[in-house]
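Everything on this sheet refers to the single structure shown next.
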Amino acid sequence: TIIEIGSNDGNEAQIALNSKKNINLLIYEPDNNNFKKLKNLFNNRRKIKIYNYGISSKVGLKNFYFNKKYNNLNKVDLVKKDNLKYFIKKKIYFSKLDIEVKKNLIKKNLLIKMDVEGHEYEILKSSLKFLLKNKNISILMELHPSIYKGNLMKNLISKLFDNGYNIKFVESAETITPLEFKSDNYVPFKSSFQRGLYNDVSKKFLLKYAFDNSKKKIVRSVLLTNKMV
């Protein structure tokens, strides 16, 4: 089962569906325009459920900021560099990750994919008990270190590591091989445009460079897993 939080155009969902026949897909997309496009794209296909609300740390209504120009930049959390004139603020409904898992009776392998412009910390924190208790869970997420406060995200990921999670893949940002990767002799096994994909990055390296808002962003996304082999 794949839970996709913030799908936007559905491209990654399509890739997943084309790669395997036995995938169940749950998509959470609060933007009405994106939601309608997704409904048309998947046209009520079996094993796909699309929900027109968000995932956060609490159930209920909460402010959400819709970007006026780029609907892939909608967000829950505004930061200092964000100009409010580029957003439309509305209250929308949010559920929680663990509640949605229980509601949909998910008991087998679970992949959680999210690109939520920095809100990944709140989602993970509020679902930590579930993430630590259950096995065969993978978490694919884009990182937004400029939004993280202090060491909160770093400490949360460290707790996942201490409880059985490992690094499957790391995607670099800005360039295929950032200097920090090169200094530790990491070589990508795949590359595309200005990004490299790595499968041998250590936990120590990731904790040092991926979550610090005072450093340049060199890690774009990570795939963590506690999947039993």
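- Residues N104 and Y51 bring a donor and an acceptor atom of their side chains to less than 3.5 Å of each other.
- Under the ring pair (Phe, Tyr, Trp, His ring centres under 6.0 Å) criterion, the residue pairs touching residues 159-178 are F169-F189, with sequence neighbours excluded.
- Comment: K125 does not engage E122 in a salt bridge, judged by the lack of any side-chain N to carboxylate O separation of less than 4.0 angstrom.
- A donor-acceptor pair shorter than 3.5 Å can be found between the side chains of N166 and K203.
- Figure legend: cation-pi geometry between K90 and F66, with NZ or CZ positioned under 6.0 Å from the six-membered ring centre and within 45° of its axis.
- Residue K168 places its NZ atom among 12 or fewer non-hydrogen atoms of other residues, nucleotides or ligands, all under 6.0 Å distant.
- Side-chain contact between I139 and I137: present, with at least one pair of heavy atoms (C-beta onward) separated by less than 4.5 Å.
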Inset, instruction - Please step through side-chain hydrogen bond (donor to acceptor under 3.5 Å, both in side chains) for the pair E120 and Y148, ending with a clear verdict. - result: CA-CA 10 Å; E120 55 270 14; Y148 304 149; 2.4 Å; yes
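- Annotation: K68, atom NZ; neighbour count of heavy atoms from other residues, nucleotides and ligands within 6.0 Å is above 12.
- No hydrogens or angles considered: nothing links the side chains of E142 and S221 as a donor-acceptor pair under 3.5 Å.
- Under the 3.5 Å distance criterion, with hydrogens and angles disregarded, no donor-acceptor pair is assigned to the side chains of K135 and N226.
- Annotation: side chain to side chain contact (heavy atoms under 4.5 Å, CB included) contacts of L152 (sequence neighbours excluded): Y121, K149.
- Taking all atoms of both residues into account, the shortest heavy-atom contact from P188 to T177 is CD-OG1, 3.8 Å.
- Side chain to side chain, Y28 and E100 meet the donor-acceptor criterion of an N or O pair below 3.5 Å.
- Side chains of S138 and T225: a donor on one and an acceptor on the other come within 3.5 Å.
- Partners of K62 by side chain to side chain donor-acceptor pair (under 3.5 Å), not counting sequence neighbours, listed by chain and number: S56.
- Between the side chains of N71 and N34, at least one donor N or O sits under 3.5 Å from an acceptor N or O.
- Ring pair F181/F205: centre-to-centre distance below 6.0 Å.
- A 6.0 Å sphere centred on NZ of K204 holds no more than 12 heavy atoms belonging to other residues, nucleotides or ligands.
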Inset, instruction - Check the pair N199, V170 against side-chain contact (heavy atoms from CB on, under 4.5 Å), reporting the backbone distance first and the verdict last. - result: CA-CA 6 Å; N199 60 0; V170 171; over 6 Å; no
